[in-house]
Amino acid sequence: MRELLLRGLLRFAALLPLPVIHWLGAGFGRFAAARRGRLWRNSLTNLALCYPDRDSRWRHQLARRSLIETGKSLLECGPFWYWPRARLERLVRAVHGQALVDAALAEGRGMLLAAPHMSAWELANFYGCTRWPMTILYKPSRLAGLDELIRGARERFGARLVPTDSAGVRALYKALERGEVVGMLPDQEPGETSGVFADFFGTPASTMVLLNKLARKHRVPVIFAVMRRLPRGAGFELHFLRAGDRVYDADPEVAAGEVNACVERCIALAPEQYMWNYKRFRRLPGGGRRRY
């Protein structure tokens, strides 16, 4: 039933123009903020950890704005997964930092494209896979039908999705050896043995080491991408940022620190468009879990 409802909702959203999609998505976000449920509590927990010097009123305002943007992100999957290529291309109004990508690809070692949980990362995937051979790491859904929907939507323009297991990781290495682009979410909490703790806005967060391992082997360029949402349904601006040399450090904690610092730079472009309701600090150093 959940799968059918989601499919129906996204199909309905795909029939609407972007300003209407954003208006409806904002309504979902306002409702989530008003009911003060789990997403609201998660957001406030993360914001208190990341912005301890800000007062509670400021954090409440940012939490509300973030949930409004998250509502837009949910309904945007309708057009992103169903609209034709030409119509999606018109949504990208400007690209900042394209020269960084061109220089990275000119090195001939492939490229790691990291898109945080922010704004329209699905559209960033579309932009990449329609321009370069691209393999994307993803976590399969527990619902078989929903997983099929996600894979079909993300692979329809040529991307190849591989799961977060040993076979998927091997596929990433092979893609980079062929000089292709590998895409991943850099701020997704890794498994128990697949990460290290590194500061994220001054608070230790379990951070993946896979990105560092992939980058180090052949010193692959690492580019971060943010598809920043414009007001009033006007479209999106794509921003590319290049990671510093610390991402290649042999110390995984130093490299993870660079990854988190780059995510912070991405968030600075539009803090309200980051998905603050994600349980980013669930694991605690030394064991245990934070209560969200």
Side-chain angles (χ1 to χ4, degrees), residues 38-39 42-43 45-47 49-50 66 69-70 73-74 77 80 111-125 128-129 134-143 146-147 150-151 153-154 159-173 175 181-201 203-215 220 222-227 241 243 247 252-253 255-267 273-285 289-290 292:
R38 176 174 52 85
L39 297 181
N42 292 351
S43 300
T45 297
N46 288 336
L47 290 171
L49 291 168
C50 292
S66 175
E69 297 299 322
T70 298
S73 294
L74 171 63
C77 289
F80 296 164
M111 184 176 76
L112 279 167
L113 188 66
H117 285 89
M118 182 169 178
S119 188
W121 69 85
E122 293 281 357
L123 189 59
N125 288 340
C129 72
M134 193 164 173
T135 301
I136 300 174
L137 185 69
Y138 92 114
K139 185 176 182 179
S141 172
R142 295 173 183 172
L143 299 175
L146 184 57
D147 187 66
I150 294 171
R151 286 186 63 93
R154 292 176 177 172
R160 179 191 177 199
L161 266 65
V162 297
T164 51
D165 57 20
S166 57
V169 172
R170 288 195 298 271
L172 299 183
Y173 278 108
V181 176
V182 163
M184 62 177 60
L185 292 164
D187 54 345
Q188 189 162 334
E189 187 181 69
E192 294 282 357
T193 60
S194 303
V196 295
F197 282 92
D199 278 0
F200 182 50
F201 284 97
T203 297
S206 180
T207 306
M208 68 162 59
V209 295
L210 176 60
L211 190 152
N212 162 244
K213 290 180 178 179
L214 290 168
V220 175
V222 179
I223 301 290
F224 282 71
V226 174
M227 192 69 76
L241 309 168
V247 78
E253 293 183 6
E258 176 64 18
V259 170
N260 287 344
C262 289
V263 174
E264 290 180 27
R265 289 170 59 198
C266 292
I267 293 172
Q273 294 186 23
Y274 189 65
M275 192 174 286
W276 291 107
N277 59 79
Y278 179 66
K279 297 179 181 179
R280 186 67 185 88
F281 301 100
R282 180 170 50 177
R283 290 200 178 95
L284 295 170
R289 299 291 183 96
R290 176 174 277 107
Y292 272 91

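Keep in mind that this is a model prediction, so the values were computed, not measured.
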For the [atom1] atom of [X] and the [atom2] atom of [Y], what is their distance to the nearest 0.5 Å?
X    : Y    : atom1 : atom2 : result
M118 : T70  : CE    : OG1   : 11.0 Å
L284 : S206 : CG    : OG    : 10.5 Å
M227 : F80  : CE    : CZ    : 7.5 Å
C262 : I267 : SG    : CD1   : 11.5 Å

Between S66 (side chain) and Y274 (backbone), is there a donor-acceptor pair under 3.5 Å? yes

Is a side-chain N or O of R283 found less than 3.5 angstrom from the main chain of P190, in a donor-acceptor match? yes

Side-chain contact test, heavy atoms from C-beta onward, threshold under 4.5 Å: evaluate it for [X] versus [Y] and give yes or no.
X    : Y    : result
E69  : W276 : no
V222 : M111 : no
L172 : M184 : yes
K139 : Q188 : yes
F201 : N260 : no

If the condition is side chain to side chain donor-acceptor pair (under 3.5 Å), which residues does [X] pass it with, not counting sequence neighbours?
X    : value
R160 : none
S73  : R229
Y278 : none
N46  : Y292

Checking [X] now: which residues fulfil side-chain contact (heavy atoms from CB on, under 4.5 Å) with it, not counting sequence neighbours?
X    : answer
D199 : P204
L39  : L67, N277
A205 : F200, T207, R280, F281

Can you name the nearest heavy-atom pair linking [X] to [Y], along with the distance?
X    : Y    : answer
R290 : T45  : CD-CG2, 4.1 Å
A175 : T135 : CB-OG1, 3.6 Å
P116 : V263 : CB-CG1, 4.2 Å
L185 : A115 : CD2-O, 2.8 Å

Check residues 208-215 and write down every donor-acceptor pair under 3.5 Å in which the side-chain atom is one partner and the other belongs to a residue at least two apart or another chain.
unit_1 : atom_1 : unit_2 : atom_2 : d
N212   : ND2    : V247   : O      : 2.7
N212   : ND2    : D249   : O      : 3.4

Evaluate the criterion side-chain contact (heavy atoms from CB on, under 4.5 Å) for residue pair L113 and M134; output intermediate values, then yes/no. CA-CA 9 Å; L113 188 66; M134 193 164 173; 3.7 Å; yes

Verdict with reasoning, L241 to C266, per side-chain contact (heavy atoms from CB on, under 4.5 Å): CA-CA 8 Å; L241 309 168; C266 292; 3.8 Å; yes

Tell me, please, which residues at least two apart from R282 pass salt bridge (charged side-chain N to carboxylate O under 4.0 Å, His left out). E189

With E264 via salt bridge (charged side-chain N to carboxylate O under 4.0 Å, His left out) - residues at least two apart: none

Check step by step if side-chain contact (heavy atoms from CB on, under 4.5 Å) holds for V182 and L137. CA-CA 8 Å; V182 163; L137 185 69; 5.8 Å; no

How about K279: does its NZ atom have over 12 heavy atoms from other parts shown lying under 6.0 Å from it? yes

Please list all pairs passing the salt bridge (Lys or Arg N to Asp or Glu O under 4.0 Å) test where one or both residues lie in residues 115-125, with sequence neighbours left out. E122-R154

Do D147 and Y138 have side-chain N/O donor and acceptor atoms under 3.5 Å apart? yes

